[in-house]
Protein chains: 2
Amino acid sequence: MDICKRLGENVRRYRKEKGWSQEAFAHEADIHRTYISDIERGARNPTITIIEKLARPLGVTASQLLE
Amino acid sequence: MDICKRLGENVRRYRKEKGWSQEAFAHEADIHRTYISDIERGARNPTITIIEKLARPLGVTASQLLE
DNA sequence: ATGTGACTGTTAGTCCGTC
DNA sequence: AGACGGACTAACAGTCACA
């Protein structure tokens, strides 16, 4: 399983647990909406600083997003 | 604690557990030795595909490198 | 509310070295 | 053995219009 896809699935799952749209989450994480879309589809290969920006509003660790 | 520094410390610890020099590890991971040096010093912001390339020869998961 | 192609400036990542 | 610099190319960060 590709690590980018795994990250995407994790982000999407945690985001939905929060009841957020991509747009709302993008605002919380201070990341562009379309970038979130790309991440969730595994279409990007982000850096670890992006992983951390995603993790914080979701209330999880960067490590958890890669599990 | 900066996530880049945390990654660096984890990589260094796991590498030493294997008894590898940076150069030997670089060869195992198929990553340039100077890049390994940068990573361990927390001077780089790598992508998740690099995290995975680092994790495999160390016998750990990408997730563990960010813990 | 989300997926996607395209674009530009910036940086990730490689490779040459020296200390 | 490892830190660190310079220079280079490939790829990412960040954004937009449109579907």
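Every chain is numbered from 1, with letters handed out A, B, ... down the list of sequences. In what follows, every heavy atom counts, from backbone to side chain, and hydrogens, waters and symmetry copies are set aside.
Taking every heavy atom of residues 59-67 of chain B and every atom of DNA chain D, no pair lies under 4.0 Å. Scanning residues 16-29 of chain B for heavy-atom distances under 4.0 Å to DNA chain D yields B/Ser21, B/Gln22, B/Glu23. Taking every heavy atom of residues 33-45 of chain B and every atom of DNA chain C, pairs under 4.0 Å involve B/Arg33, B/Thr34, B/Tyr35, B/Arg44, B/Asn45, by number.
One distance of note links OG of A/Ser63 with CD of B/Gln64; it measures 8.0 Å at 0.5 Å rounding. In this structure, the separation between CD1 on B/Ile51 and CD1 on B/Ile39 is 6.0 Å, given to the nearest 0.5 Å. For the atom pair NZ (A/Lys5) and CD1 (A/Ile3), the distance works out to 13.0 Å, reported to the nearest 0.5 Å. Atom CZ of B/Arg44 sits about 12.0 Å away from atom CD1 of A/Ile48, to the nearest 0.5 Å. Distance check: A/Thr61 OG1 to A/Leu66 CG gives 9.0 Å after rounding to the nearest 0.5 Å.
The distance between atom NE2 of B/His32 and atom P of C/dT14, rounded to the nearest whole Å, is 8 Å. When rounded to the nearest whole Å, the span between NZ of A/Lys53 and P of D/dA13 equals 10 Å. Between B/Ile48 atom CD1 and C/dT11 atom C1' there is a gap of 17 Å when expressed in whole angstrom units.
By the side-chain contact (heavy atoms from CB on, under 4.5 Å) test, B/Glu17 is found to be paired with B/Arg13, B/Tyr14, residues two or more places apart in sequence or in another chain being considered. Shown here are the salt bridge (Lys or Arg N to Asp or Glu O under 4.0 Å) partners of B/Arg56, two or more places apart in sequence or in another chain: there are none. A/Glu67 meets the side-chain hydrogen bond (donor to acceptor under 3.5 Å, both in side chains) test with no other residue; sequence neighbours excluded. Taking B/Thr47 as the reference, A/Asn45, A/Thr47, B/Thr49, B/Ile50 meet the side-chain contact (heavy atoms from CB on, under 4.5 Å) condition, with sequence neighbours excluded.
Side-chain contact between A/Leu65 and A/Leu58 is present, with at least one heavy-atom pair separated by less than 4.5 Å. Side chains of B/Leu54 and B/Val60 form no contact here, defined as non-hydrogen atoms less than 4.5 Å apart.
Between B/Thr47 and A/Ile31, it is B/Thr47 whose nearest contact on DNA chain D lies nearer the 5' terminus.
The terminal axes of the helix from C/dT2-D/dA19 to C/dC19-D/dG2, fitted over 5 pairs per end, subtend an angle of 40° to the nearest 10°.
Side chain of A/Arg41 to main chain of A/Ser37: a donor-acceptor pair is present (N/O by atom type, distance under 3.5 Å, no hydrogens or angles).
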Scan the side chains in residues 19-31 of chain A for donor-acceptor partners under 3.5 Å anywhere in the protein, sequence neighbours excluded, and list what turns up.
from: A/Ser21; atom 1: OG; to: A/Glu23; atom 2: N; distance (Å): 3.4
from: A/Ser21; atom 1: OG; to: A/Ala24; atom 2: N; distance (Å): 3.0
from: A/Gln22; atom 1: NE2; to: A/Glu40; atom 2: OE1; distance (Å): 3.2

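Taking only side-chain nitrogens and oxygens, B/Arg12 never comes nearer than 4.0 Å to OP1 or OP2 of D/dA1.
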